[in-house]
Each structure stands twice: as structure tokens, then as C-alpha cells.
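Right, one structure below, let's go through it.
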Amino acid sequence: MFLSILYVLIGLVLLVVGGEFLVRSSVALSFRLKLSKMVIGLTVVSFATSAPELLVSIQAALDGLSDISLGNVIGSNIANIGLVLGITAIISPLAIDRDFYKFNWPVMVLLSFALYLLLDNDGVLTQFEGGILFSSLLLYLFLLIRRARKFSDTMLEEVDDSLQKTSNFKIVVWLLIGGLALYFGSELLVKGAENIALKLGVSEGVIAVTLIAVGTSVPELAASVIAALKKEKAISLGNLIGSNIFNIASVLGLTSLIQPISVKDEALMSVNIYWMLGFAIILLPLAFVPKKMILGRPKGFLIFVAYCVFIALVFLK
């Protein structure tokens, strides 16, 4: 048990370090490419911070543990909004830009419903369906970058002066350090969390939706909290929505291409997926009521409390 706790602690430290380097490199990169920070958050940061989910899901599917693959992604998407966005908004109120509700949010909700329908149909995510999900990610990224180029004048936020002169070599090194720290950190964290849960006698599905999901969402939490503290607010929100899109379209898309994913734990479809849809949908009304285009501390607290209720219900069941 002591070794498992040690793994979790070392994993957390590595993930925080990885998040710091990722934010730095992505801000420098956004200046180089003349793309908005929101777009960099949706692409570079999301790809790197979703790598743990991808690795865990592929490994689980190959080992025949499809509940971990699905539970990991559903749980991570809930954690990204309930835990990560909630805590980030409590630290520093987030300004929401128009692109959020005109493009990014609808894509996230559309993919969330697509996943629900594909699984509800026959309880299996086939290789063909995985191909459709992954193709939708490529289309999304193409449209995202095209939109960013089109609106580059209006969308380029202020960039930290010290990062404007960052060399290409430094950017690559920072990305590599960030990516490697996130990879090894998540491996240790998941390993430790899984051992602790098994020793406590909790089921596979519960482990996936709670501990593994939170574990693989720690990179998002680290990157978003650091970005919020540095007032890089566009990255915080972009990173989370991009991550949820990436989890469904890429993580489950690629995993089911390698090995079809079947639903074994009934709670995933009867309870958990509805929580995922609920958290995705609630973001739009929260963006407008009561104060427009601001995700302030009370809203952050509300989302976080809802997440705590979800976790409590999972363990009670």
C-alpha cells in the first residue's frame, strides 16, 4: 500500500511539471503560428494531455478490459468539466469567447451524443464506428485551423512578452519534457490508484470512472490551473473542451479500430453516460446565466459540487 501511495505522489509531481512545460511551449507556439491561444489549447495541449487516456484505453482494450477503456473516457470527460473546469473557475473566473458556443461546444455535444447512440444501438463500438469517430476528429481539426487563420486578427490574444522570443529548439524541448513527464506521471498514477482501489475491494468499472479517470485528468487539471493562475484563460477552457472532443473521437476512435469495445458494466450506459451528457450540455446555459460570457466562482463551485455528488453515487452503488 505504501508503494502504491508513493507511485501516486510521484505521478502527481510529474504531471504538474508536464503541465507547466506544456502551457509554456503552447503559448510560445501560438505566437509563432499566429494562431489564437484557444486553438493551441484545443490542439497541442489537448493532444498531449489526452495521451494518458489513449495509452490506458488501448492497453485495457488489448487486455480484454473494455470497461476500463469506456469508463476511463466517460469518467475523464465528466472529470474535465466537473472537477477541472470547476476548480479552474473557482481559482480565477473564466471569460468565454464566441467561438465556444458557435463551434467548440456544439462539436463536443454532438460527439457525446454520437457516442451514446453508437453504444446504445448494440452495446459495441465496432472498428467501422471507431473509424467514423476518428475521421470526425480530423475534420474538426481542419475546420478549427481554417477558422483560426480566417479570424487571426481578432482572435490573437496578448502573448507573454518573454515567450515571444522563444527559439524553435526550446519549444520542441519544452514539448518533449512536458509530454514525457505527463506520460510517465500518468503511468505511475494509474498504477498506484489501481492498486489502492483493488486493495480496498472496489470493482473494475468504479476504478475506471473514478480513480483512473481522475488520474488521467490530472494533466488537464495541472495545465488548466497553471494557465488560470497565469491568466492564460483561453488555454484553460480550450484545453478542456478540446480534450473531451479528443477523448471521444481519438481515444475511443483509435482504441476501437485496434480492438472493438463492448459494454460490460451496465452502470456505464444506465447512469454514467447520462452524467457525461449532462455536464456537456450544462456548459451552454452556464455561459449566459446570470452573467453573460463569464464562468465565475459560483458557477465553478456549482459544477464542482455536482461532480462530488456523481463520485459519491458511484461509490454508493
Side-chain angles (χ1 to χ4, degrees), residues 1-16 18 49-80 82-84 87 119 123-125 180-222 243 247-248 251-252 254-256 258-276 279 304 307-317:
M1 191 69 141
F2 172 73
L3 197 63
S4 301
I5 293 166
L6 191 66
Y7 279 171
V8 169
L9 293 174
I10 295 169
L12 281 169
V13 171
L14 282 173
L15 293 170
V16 171
T49 55
S50 284
E53 281 93 338
L54 181 59
L55 296 166
V56 170
S57 293
I58 288 174
Q59 191 57 55
L62 291 174
D63 293 344
L65 305 167
S66 52
D67 280 353
I68 287 185
S69 292
L70 266 180
N72 175 28
V73 167
I74 292 171
S76 272
N77 279 16
I78 293 169
N80 278 347
L83 176 71
V84 184
I87 288 175
L119 289 172
V124 179
L125 208 56
L180 287 170
L182 289 169
Y183 170 75
F184 289 111
S186 64
E187 288 278 297
L188 287 170
L189 188 70
V190 170
K191 199 173 177 183
E194 201 172 352
N195 287 340
I196 291 167
L198 287 170
K199 278 170 184 161
L200 294 175
V202 185
S203 80
E204 208 176 272
V206 170
I207 293 170
V209 175
T210 56
L211 285 169
I212 293 178
V214 171
T216 54
S217 285
V218 167
E220 279 90 347
L221 181 60
S243 233
N247 281 348
I248 295 170
V251 175
L252 287 181
L254 281 174
T255 304
S256 53
I258 295 166
Q259 180 81 35
I261 301 168
S262 53
V263 180
K264 292 176 186 171
D265 187 349
E266 282 181 18
L268 283 174
M269 287 306 291
S270 62
V271 180
N272 302 340
I273 202 158
Y274 291 111
W275 277 89
M276 184 186 84
F279 272 109
F304 180 64
Y307 181 72
C308 294
V309 170
F310 163 71
I311 292 293
L313 289 173
V314 168
F315 276 103
L316 285 173
K317 280 181 189 298

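All values below come from the heavy atoms of this structure, side chains included, with hydrogens, waters and symmetry mates left out.
The shortest heavy-atom contact between Val56 and Thr216 is CG2-CG2, 4.0 Å. In terms of heavy atoms, Ser256 sits closest to Leu252 at OG-O, 2.6 Å. Nearest heavy atoms, Lys264 versus Ser66: CE-OG, 3.5 Å. Across every non-hydrogen atom of Ile78 and Asn272, the tightest pair is CD1-O, 3.6 Å.
Residues satisfying the side chain to side chain donor-acceptor pair (under 3.5 Å) criterion with Ser57, sequence neighbours excluded, are Asn72. For Ala222, the side-chain contact (heavy atoms from CB on, under 4.5 Å) partners two or more places apart in sequence, or in a different chain, are Val16. Taking Val271 as the reference, Trp275, Lys317 meet the side-chain contact (heavy atoms from CB on, under 4.5 Å) condition, with sequence neighbours excluded. Every side-chain contact (heavy atoms from CB on, under 4.5 Å) that Leu188 has, sequence neighbours left out, goes to Tyr7, Ile10, Leu14. Asn77 is linked by a side chain to side chain donor-acceptor pair (under 3.5 Å) to Asn247, counting only residues two or more places apart in sequence or in another chain. Residues passing the side-chain contact (heavy atoms from CB on, under 4.5 Å) test with Ile196 are Met1, Ser4, Ile5, Val8, Leu200, sequence neighbours excluded.
Note that OH of Tyr307 and CD1 of Ile311 are 3.5 Å apart. Values are rounded to the nearest 0.5 Å. Taking CD1 of Ile212 as the start and CD1 of Ile68 as the end, the distance is 4.5 Å to the nearest 0.5 Å. Distance OG/Ser262 to CG/Asp67: 7.5 Å, rounded to 0.5 Å.
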Next on the checklist: Test side-chain contact (heavy atoms from CB on, under 4.5 Å) on Val209 and Phe310; report intermediate values, then the result.
Outcome noted: CA-CA 10 Å; Val209 175; Phe310 163 71; 3.3 Å; yes
Next on the checklist: As a quick check of understanding, evaluate side-chain contact (heavy atoms from CB on, under 4.5 Å) for Leu268 and Ile273, giving each step before the final call.
Outcome noted: CA-CA 6 Å; Leu268 283 174; Ile273 202 158; over 6 Å; no
Next on the checklist: One pair to check against side-chain contact (heavy atoms from CB on, under 4.5 Å): Leu15 and Leu182. What are the steps and the verdict?
Outcome noted: CA-CA 5 Å; Leu15 293 170; Leu182 289 169; 3.8 Å; yes
Checklist entry - Run the side chain to side chain donor-acceptor pair (under 3.5 Å) check on Ser69 and Thr255 step by step: do they pass? => result CA-CA 8 Å; Ser69 292; Thr255 304; 5.5 Å; no
Item to check | Chi angles and distances behind the side-chain contact (heavy atoms from CB on, under 4.5 Å) call for Leu221, Val214 | outcome: CA-CA 9 Å; Leu221 181 60; Val214 171; over 6 Å; no
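In this structure the side chain of Leu119 never reaches within 4.5 angstrom of the side chain of Ile261, judged on heavy atoms.
Sparse packing is recorded around CZ of Phe304, with 12 or fewer heavy atoms of other residues, nucleotides or ligands lying under 6.0 Å away.
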